[in-house]
Number of protein chains: 2
Amino acid sequence: MHYPSSRLWENPVTKVSPIDLVARLQRPARTRAGGVVIELEKQRSASDPGYVCPASGLALIDMAWIEELTYVRRRVKRGDALFLANDQFASIYALRNGFFKTVQGLEDGREQVTGFQMSGEIMGMDGIDTGRYGSTALALEDSDVCVLPYALVANHSNRNDELQRQFHKVMSREIVREHGVMMLLGTMNAGERLAMFLLDLSRRFSARGYSASDFVLRMSRGDIGSYLAMKLETVSRAFTSLHNLGIVHVDGRHVQILDFADLERHRGQTSRRDRD
Amino acid sequence: MHYPSSRLWENPVTKVSPIDLVARLQRPARTRAGGVVIELEKQRSASDPGYVCPASGLALIDMAWIEELTYVRRRVKRGDALFLANDQFASIYALRNGFFKTVQGLEDGREQVTGFQMSGEIMGMDGIDTGRYGSTALALEDSDVCVLPYALVANHSNRNDELQRQFHKVMSREIVREHGVMMLLGTMNAGERLAMFLLDLSRRFSARGYSASDFVLRMSRGDIGSYLAMKLETVSRAFTSLHNLGIVHVDGRHVQILDFADLERHRGQTSRRDRD
DNA sequence: CGGGGATTTGACACATATCAAGAGCGGTGG
DNA sequence: CCACCGCTCTTGATATGTGTCAAATCCCCG
């Protein structure tokens, strides 16, 4: 699979080009605490506030710490990649505004959506281990991202217990989320999976001040299916089923949850009779 | 589900009881850097080396850092729990010797194995976010575990870049692993899943100096099925299939991989004809 | 040596995949 | 403004992989 990447050529907010940044961060043979990062910090504290990623949209998610660390922002257009699987890892990314999916590929070409990210959520942590990203992050709508150079995060969290804690929590949360997905894929049928998916989206929209019961999906049926491990036709049928039961109103990508209690209940037992 | 827990009553290696340890770690209203942890460190540097977890068995896995942080070791008998889902989080655990599974539960009682851990691997990181473990860790054989109080890990990694990096890597690795499992569950059929599973085990045994091609499974067909999201009967049939194809020799829990190339290939396409 | 869980195997059911066709819908250009 | 294209989505008919239920055997552990 080949996606257009916004990687090295788009840098509307900062004066320092990402290329320089990456080059500096990767400059070898200097202790992290000593040279490189401090140098970056000096730049960061220069008088131009433009490259500081305002945390406004993120406050709800308890991520003021991101503000401290943002070195540069990046805009990613719908359909473009923030990073590609196998790219050299240098930064994690906090989504400030917009919507992403992360996609993981197999050698033989099969691929799967491993997550959807919305504002305040972090991408790229799967790159820390091997030094290369394990997945590709694709914008599902025009988005605005805070670039958090990993070296900076690491360095700051040495001296800021709260930041360290937040960072650990973010990674832990990702582990917990993935446990949940494994659970979903391992123990639930199609109807339950979709119900869980909608409830999860609802909760996350709600946490950001949007309606919990009325929202527009940013992803296609195929993406949902890939994430939930079912074919797009099955996703469509499951939507139709929920719609016919009067639990949600579905019109294309516009979803209205009509009965949360039923949807919650659905998330526990569904079977053939529901479709009739 | 109710499992016997080794939690508060088993502490054969250290002089400080886990109860005291936990109590101290949880003592509120003291900065982490200041009071509590330093206090622990003093104890740790006392003349009794017994409570330091020798890193011997872990060296291969690049985890010498664990040695520095181990405050106490714990023995967990087969079938007992190291920690239970919903237990108050205080420590992560490095498996020194033995074999574990981690199990996640749904409110309605359904549960799933989310991972198998062998020596050198870390458990409990899913507790950092919420302060409670998200899963239960059950010993599949008598095991020996290094207890790494989270406060200690956090404190040390403030002052030790390498340790910080290792810790981040371990969490990242867990995220990557879970992406892999999602992939497995989302895109592969039963035969492929089992092939992947066996190759994964093989690799991990091999990394610990055991045979890559001849090993004894510590877990039941049911556990494997739970992990791979298939019924135990299906696991059994998939084993039989691999056996009949001459790719692996299976005798109960004793597995010998006869043809790695075929097994790798199997991990890419399997279908009905393989069973005939 | 006995008992009970673990495993295997078979027959059948069912949830979901697959294949196929058509409908909706937004964008584009004549 | 309409026609057309390409996409996504829906719906139907059928195929199939895996689940379910059941029974027999194995074998581990007390």
Side-chain angles (χ1 to χ4, degrees), chain A residues 78-79 101 110 112-113 140-141 184-195 197-198 216-245 248-255 266 269-276, chain B residues 77-79 101 110 112-113 138 140-142 184-195 197 216-245 248-255 266 269-276:
Chain A
R78 175 191 163 114
K101 65 175 175 183
R110 283 184 282 190
Q112 186 180 19
V113 173
L140 290 176
E141 58 184 38
L184 194 96
L185 301 183
T187 70
M188 297 180 159
N189 65 29
E192 295 173 308
R193 287 181 206 176
L194 187 64
F197 175 71
L198 292 176
V216 174
L217 300 174
R218 265 69 165 187
M219 72 294 284
S220 71
R221 298 289 191 264
D223 284 336
I224 298 173
S226 174
Y227 181 60
L228 298 178
M230 46 208 255
K231 297 290 139 163
L232 66 89
E233 295 95 327
T234 307
V235 174
S236 179
R237 285 186 234 271
F239 268 120
T240 302
S241 161
L242 287 175
H243 181 90
N244 290 340
L245 287 164
V248 300
H249 180 87
V250 182
D251 179 21
R253 296 191 180 183
H254 182 196
V255 171
H266 208 77
Q269 34 106 306
T270 303
S271 75
R272 192 160 37 106
R273 66 172 167 284
D274 296 319
R275 281 206 306 279
D276 305 334
Chain B
K77 285 187 304 189
R78 175 190 162 114
K101 66 175 174 182
R110 284 184 282 188
Q112 185 181 19
V113 173
L138 292 168
L140 290 176
E141 59 185 39
D142 292 356
L184 195 96
L185 301 183
T187 70
M188 297 182 159
N189 65 30
E192 294 173 308
R193 287 181 207 177
L194 188 63
F197 176 70
V216 175
L217 300 174
R218 266 68 165 186
M219 72 295 285
S220 71
R221 298 287 190 264
D223 283 337
I224 298 172
S226 175
Y227 181 60
L228 298 179
M230 45 208 256
K231 296 290 137 160
L232 65 90
E233 295 93 328
T234 308
V235 175
S236 178
R237 285 186 235 270
F239 268 121
T240 303
S241 161
L242 287 174
H243 181 90
N244 290 341
L245 286 165
V248 300
H249 181 86
V250 182
D251 179 19
R253 296 190 180 186
H254 183 195
V255 172
H266 207 76
Q269 34 107 309
T270 304
S271 74
R272 191 160 37 105
R273 66 173 167 283
D274 295 320
R275 281 205 308 278
D276 304 335

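A note on names: the letters A, B, ... follow the listed sequences, proteins ahead of strands, and every chain is numbered from 1.
- Atoms CD (B/Glu233) and C1' (D/dA22) sit 10 Å apart, rounded to a whole Å.
- A donor-acceptor contact under 3.5 Å is not formed by the side chain of A/Arg253 with the base of D/dT10.
- Checking side-chain atoms of B/Arg221 against main-chain N and O of B/Gly252 turns up a donor-acceptor pair under 3.5 Å.
- Regarding B/His254, its NE2 atom lies at a distance of 14 Å from the P atom of D/dC27, rounded to whole Å.
- The interatomic distance linking A/Arg221 (CZ) with C/dG24 (P) rounds to 15 Å, in whole Å.
- Ranked by how close their nearest DNA chain C nucleotide is to the 5' end, B/Ser220 and A/Thr234 are led by B/Ser220.
- The base of C/dG10 sits within donor-acceptor range of the side chain of B/Arg237, with an N or O pair under 3.5 Å.
- If you take CG of A/Asn189 and P of D/dT18, they are 17 Å apart, rounded to a whole angstrom.
- Along DNA chain D, the nucleotide nearest A/Ser236 and the nucleotide nearest B/Arg78 are compared for position; the residue whose nucleotide lies closer to the 5' end is A/Ser236.
- At least one side-chain heavy atom of A/Ile224 sits less than 4.5 Å from a side-chain heavy atom of A/Leu194.
- In this structure, the nucleotide among D/dT20, C/dT16, D/dT18 sitting nearest to the side chain of B/Lys231 is D/dT20.
- For the pair B/His249 and B/His243, the minimum side-chain heavy-atom distance is below 4.5 Å.
- When atom types are taken as modelled, the side chain of B/Ser226 and the backbone of B/Gly222 share no donor-acceptor pair closer than 3.5 angstrom.
- In this structure, B/Met230 atom CE and C/dT16 atom P are separated by 17 Å, rounded to whole Å.
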- Task: Applying side-chain contact (heavy atoms from CB on, under 4.5 Å), run through A/Lys101 and A/Arg218 and close with a yes or a no.
- Result: CA-CA 10 Å; A/Lys101 65 175 175 183; A/Arg218 265 69 165 187; over 6 Å; no
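- In this entry the distance linking CG of B/Leu232 with P of D/dG19 reads 10 Å, nearest Å.
- If you measure from atom CE of B/Met219 to atom C1' of C/dG5, you get 18 Å, rounded to the nearest angstrom.
- Rounded to an integer number of Å, the gap from CZ of B/Phe239 to C1' of D/dC26 is 16 Å.
- Across all strands shown, A/Ala229 has heavy atoms under 4.0 Å from sugar-phosphate atoms exclusively, and none from any base.
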